[in-house]
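Working notes, beginning with the structure itself.
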Amino acid sequence: MNEETNKKEISAIKGTKDILPQEARYWQVAEATARQIFELYGYRELRAPVIEPTELFEKGTGASSDIVTKEMYTFVDKGGRSITLRPEYTPSVVRAIIEHRLDLQPQPLRFYYIGPMFRYDKPQKGRYRQFHQIDIEVFGEKDPAVDAEIVEMAHHLLKKLGVEKVETLVNSVGCKKCRPAYGQALRQAARAVKDRLCPDCQRKAEINPLRIFDCKVETCREAAATFPLITEYLCEECRTHFEQFRSYLDFYGINYRIDPTLVRGLDYYTKTAFEIVTEHLGAQNAICGGGRYDDMVKEFGGPDLCGIGFAMGVERLLSVARITTPKESFVYIAYLGEEAKKKSLATAREWRQKGVECLVEFKDRNMKAHFSRANKIGADWVLIIGENELARGLFQLKDMNNSQQYEGTNEELLKIVKQKGKQDAST
RNA sequence: GUGAGUGUAGCUCAAGGGUUAGAGCACCGGACUGUGGAUCCGGUGGUUGGGGGUUCGAAUCCCCUCACUCACCCCA
């Protein structure tokens, strides 16, 4: 290490951040709520490793995708294997299904998972290099009713977390049968007007003409308006699937907008694609994205098992959620003198075993300092153990919220604290 | 990877070439030796992101670099 790096303070890696206790409370609520709701729909947690063989994503996510070509955290381990920190979760689930022959279990299979993902992107609002996703997948269910059900489930979760003013975008990206014809028609149309496109779009015309739809340049928009839409090219099966998907959304009363230019970034989607966006997130406005991937398991050499799922970005979710965190309540034990200190430790131990949060601080303080400290750190109760208390076998307990003070035995005071805690929980 | 903006105390911000870089909040202590919040007083805390240059003199001007923020590409 040279002198310069030595001087530099060590800080969190670019695009990563610490979640401090106050903020972690919100994460805990969001995660617990997601688990609770997914379980209501019959989903079960499946935890896969954070690191996977690099080829899993090259095959699954797609060798030509942006994620694989420029955003993966890849390294060679001591055994010479190429390892990648997962940039998304779906390929891991597919691998686990094949590896453990989960396809032999009664279908459909429903899984969820919450955890960190890694992409070497340039960080900006709502985008980090280590970010977190809430991910669900369903395997072995072809019925478009399930497509609508996961959208409904996503809305259920968003509503529960107080997320408002979201818009749901839906599309069908077709399948192996109908998508190539559309791609050809689109490319042809793009080439025909190439000289009217901005330099960026001229490049897109060859690589990914669908992206031209997103361009903000006026001439490009005019040109794109004349391009064919995927909806006009869907085969019979995909069109029917899309129609039924939408009719189930109508059945659930979910408002949506058909966006024929919605493609999603990943190569593997078939038929249904959807996104839930919000206006409060800046450029990265998608809080949830998902779709169907009916060919992926088979392409991995597994059984012919269709799949569908979505991923929610936890950071983005939390930035628009309105979460109330549970009230915390704890007892600060104020002791005076060495003998009382020992008594405090024993009392704290006993009360904790009975489910009451207690704090004893190992610093000699006078009574005023004890109370000042207890107030500062937000204690709801102060239990006083001093010489008088030791002599009489009766402690003092003060309710910091209303200044009421009680005198009583260990058991009596414990009962008061637990009783009040119950009242708070029920209101 | 490209572009723009911003970097001064833990946080929010002053000082815009001229003594020793300040304030509020926060933190610690005292006024107040068995009862918190208020008030008053005091204290800790900075190589002004880092390096180089111009200058008698740089937080201030110039160059480089790093970090953060936002945007592009793309995505959660």
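Side chains are part of it too, since the values below use all heavy atoms of this structure and drop only hydrogens, waters and symmetry mates. So that the names make sense, note that chain A is the first sequence line, chain B the second, and so on, each numbered from 1.
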Is the shortest side-chain N to carboxylate O distance from [X] to [Y] below 4.0 Å?
| X | Y | answer |
| --- | --- | --- |
| D259(A) | R257(A) | no |
| R44(A) | E39(A) | yes |
| D380(A) | K420(A) | no |
| E407(A) | R392(A) | yes |
| R95(A) | E99(A) | yes |
| K17(A) | E315(A) | no |

Roughly how far apart, to the nearest Å, are [N] and [M] at atom [atom1]?
| N | M | atom1 | result |
| --- | --- | --- | --- |
| A15(B) | A4(B) | C1' | 27 Å |
| C32(B) | G42(B) | C1' | 15 Å |
| C68(B) | U19(B) | P | 34 Å |
| U65(B) | C27(B) | P | 41 Å |
| G24(B) | G50(B) | C1' | 29 Å |
| U55(B) | A14(B) | P | 31 Å |
| G43(B) | U54(B) | C1' | 40 Å |
| A26(B) | G37(B) | C1' | 16 Å |

Inset, instruction - Decide, for G50(B), between syn and anti: a glycosidic angle within 90° of 0 counts as syn, anything else as anti. - result: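 Anti, which is what one calls it when the glycosidic angle falls more than 90° from 0.
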Find every protein N or O atom lying less than 3.5 Å from an N or O atom of nucleotides 67-71 of chain B, and list the pairs.
from	atom 1	to	atom 2	distance (Å)
C68(B)	OP2	K14(A)	NZ	3.2
C70(B)	OP2	K125(A)	N	2.8
A71(B)	OP1	A283(A)	N	3.0
A71(B)	OP2	Q124(A)	NE2	3.3
A71(B)	N7	Q124(A)	OE1	3.2

Rounding to an integer number of Å, can you tell me how far [X] [atom1] sits from [N] [atom2]?
| X | N | atom1 | atom2 | answer |
| --- | --- | --- | --- | --- |
| N285(A) | C74(B) | CG | P | 14 Å |
| E315(A) | A76(B) | CD | P | 13 Å |
| D66(A) | C72(B) | CG | C1' | 12 Å |
| Y112(A) | A76(B) | OH | C1' | 20 Å |
| E361(A) | C28(B) | CD | C1' | 14 Å |

Only pairs with both distances under 3.5 Å count, Watson-Crick or wobble alike; so what is the partner of [N] in this structure?
| N | result |
| --- | --- |
| U6(B) | A67(B) |
| U54(B) | none |
| C72(B) | G1(B) |
| G17(B) | none |
| G42(B) | C28(B) |

Inset, instruction - Compare every heavy atom of F310(A) with every heavy atom of C288(A), then report the nearest pair and how far apart it is. - result: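 Answer, listing the atom of C288(A) first, then F310(A): SG-CD1, 3.6 Å.
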Legend entry - Atom of V173(A), atom of R179(A) and distance for their closest heavy-atom approach: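 So the minimum-distance heavy-atom pair works out to O-CD, 3.1 Å.
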Inset, instruction - Using heavy atoms to find the nearest nucleotide of RNA chain B for G313(A) and K70(A) separately, return the residue whose nucleotide is more 5′. - result: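 Of the two residues, K70(A) wins.
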Inset, instruction - State the CZ-CH2 distance between F330(A) and W381(A), to the nearest 0.5 angstrom. - result: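 If we round to the nearest 0.5 Å, F330(A):CZ and W381(A):CH2 are 13.0 Å apart.
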Legend entry - Proximity of Y112(A) and F38(A) rings by center, below 6.0 Å: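 Yes, the ring of Y112(A) comes within the 6.0 Å limit of the ring of F38(A), centre to centre.
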Inset, instruction - Summarise protein proximity over nucleotides 33-38 of chain B in one line of letters, 5' to 3': B for base, S for sugar-phosphate only, - for none, counting protein heavy atoms closer than 4.0 Å. - result: -BBBB-
